[in-house]
Amino acid sequence: KARPALLGYLLECPPAYREAGDLFAFGTPSNPLNLWGDDTDALRPNLDARCEHIRKKLHAVFAATPARMFTASAHFPFVLTEGQLEWLTAAEIENRWTTGARGKIVVGVGAVGQPRDGDWRAGYVEVMEDDVLWHRVPYEIEATVRAFTRNLELPRAFAERLRRGI
C-alpha cells in the first residue's frame, strides 16, 4: 500500500508535462494517466499497426502529439513513427533514435519496474535536442524481489515478473 504522503504527492503531480514541444505522459494525450482505454491501448508494441482499428487509434494519438511524445505505459522501450506507423524496439535501433526531420514519434521509455521486453534491468531514456538514447541499469534484483513479496500486498507473480522482465 502506498503511504499517504507519497500518494498525496503523486495525486498533486500533473498527469502530463510539456516542454519545448515534447509531451511526457504515462499514457497518451487524450488519456495521460493510463494505457487501457480510448486510444491508449494502441500503444502496445505487440499490436499490429496494419489492423484498421489500431491504425485509427494511432492516428488519433499522433493528431494530438507534438513532435515527440514520451510514454511509460507500455513498459517497453520503443519508437513508433507516424508516417508508416512502424514500431521499432530500442534494441532494433541500437538504443538510439535521431529525430531530425523524420516527423512525429512516440517513444516508449521502458520501465524502472515491471519491464515487458525480457530485460529485468531498470530502463530510462535520455532526451537530447535531436536524439533519444535508451539506457539500462542493473540493480539488486533479488533484494527487490524479497522486499516486494514481504512488504507489499501485491500478487507474488508480480515479483517473479521482475526477474524475467515480462
If hydrophobic clusters are built from ILVMFWY residues whose side chains come within less than 4.5 Å, do Val79 and Leu85 share one? no
How far does CD of Glu86 sit from CD of Glu92, to the nearest 0.5 angstrom? 8.0 Å
Least distance between heavy atoms, Arg121 atom then Pro138 atom: CG-CA, 3.8 Å
A side-chain contact here means heavy atoms from C-beta on lying under 4.5 Å apart; do Arg163 and Val145 qualify? yes
Distance-only criterion, 3.5 Å: show the donor-acceptor pairs between side-chain atoms of residues 17-26 and protein atoms not counting sequence neighbours.
residue	atom	partner	partner atom	Å
Tyr17	OH	Glu19	OE1	2.4
Asp22	OD1	Arg68	NE	3.0
Asp22	OD2	Arg68	NE	3.4
Asp22	OD2	Arg68	NH2	2.8

Could you tell me if the side chain of Thr149 sits less than 4.5 Å from the side chain of Phe158, heavy atoms only? no
Please round to the nearest 0.5 Å and tell me the distance separating atom OG1 of Thr65 and atom CD of Glu82. 8.0 Å
Verify the neighbour count for atom CD of Glu142: are there more than 12 heavy atoms of other residues, nucleotides or ligands below 6.0 Å? yes
Same cluster or not: Ile105 versus Val125, using hydrophobic residues (I, L, V, M, F, W, Y) connected whenever any side-chain heavy atoms lie under 4.5 Å apart? yes
Is there a side-chain contact between Val61 and Val106 (heavy atoms, below 4.5 Å)? yes
Interatomic distance, Tyr124 atom OH to Leu133 atom CG [nearest 0.5 angstrom]: 9.0 Å
Any salt bridge between Asp117 and Arg136, counting N to O under 4.0 Å? yes
Considering only heavy atoms from C-beta outward, does the side chain of Val137 approach that of Tyr139 to under 4.5 Å? no
Taking it one step at a time, do Thr99 and Asp131 satisfy side chain to side chain contact (heavy atoms under 4.5 Å, CB included)? CA-CA 6 Å; Thr99 55; Asp131 291 324; over 6 Å; no
So, taking the atom named OG1 in Thr98 and the one named CG in Asp130, what distance separates them when rounded to the nearest 0.5 Å? 7.5 Å
May I ask whether Phe62 and Met69 are part of the same hydrophobic cluster, defined by side-chain heavy atoms of I, L, V, M, F, W, Y residues being less than 4.5 angstrom apart, directly or through others? yes
Measure the spacing between CZ of Phe78 and OG1 of Thr71 and express it to the nearest 0.5 Å. 6.0 Å
Do Arg96 and Val132 come within less than 4.5 Å of each other through their side chains, counting heavy atoms only? no
For the atom pair CH2 (Trp134) and CD1 (Ile93), what is the distance rounded to the nearest 0.5 Å? 4.0 Å
In one Ile/Leu/Val/Met/Phe/Trp/Tyr side-chain cluster, 4.5 Å: Val107, Leu58: no
Does the side chain of Phe148 reach to within under 4.5 Å of the side chain of Leu162, using non-hydrogen atoms? yes
Is the shortest heavy-atom distance from the side chain of Lys104 to the side chain of Thr81 under 4.5 Å? no
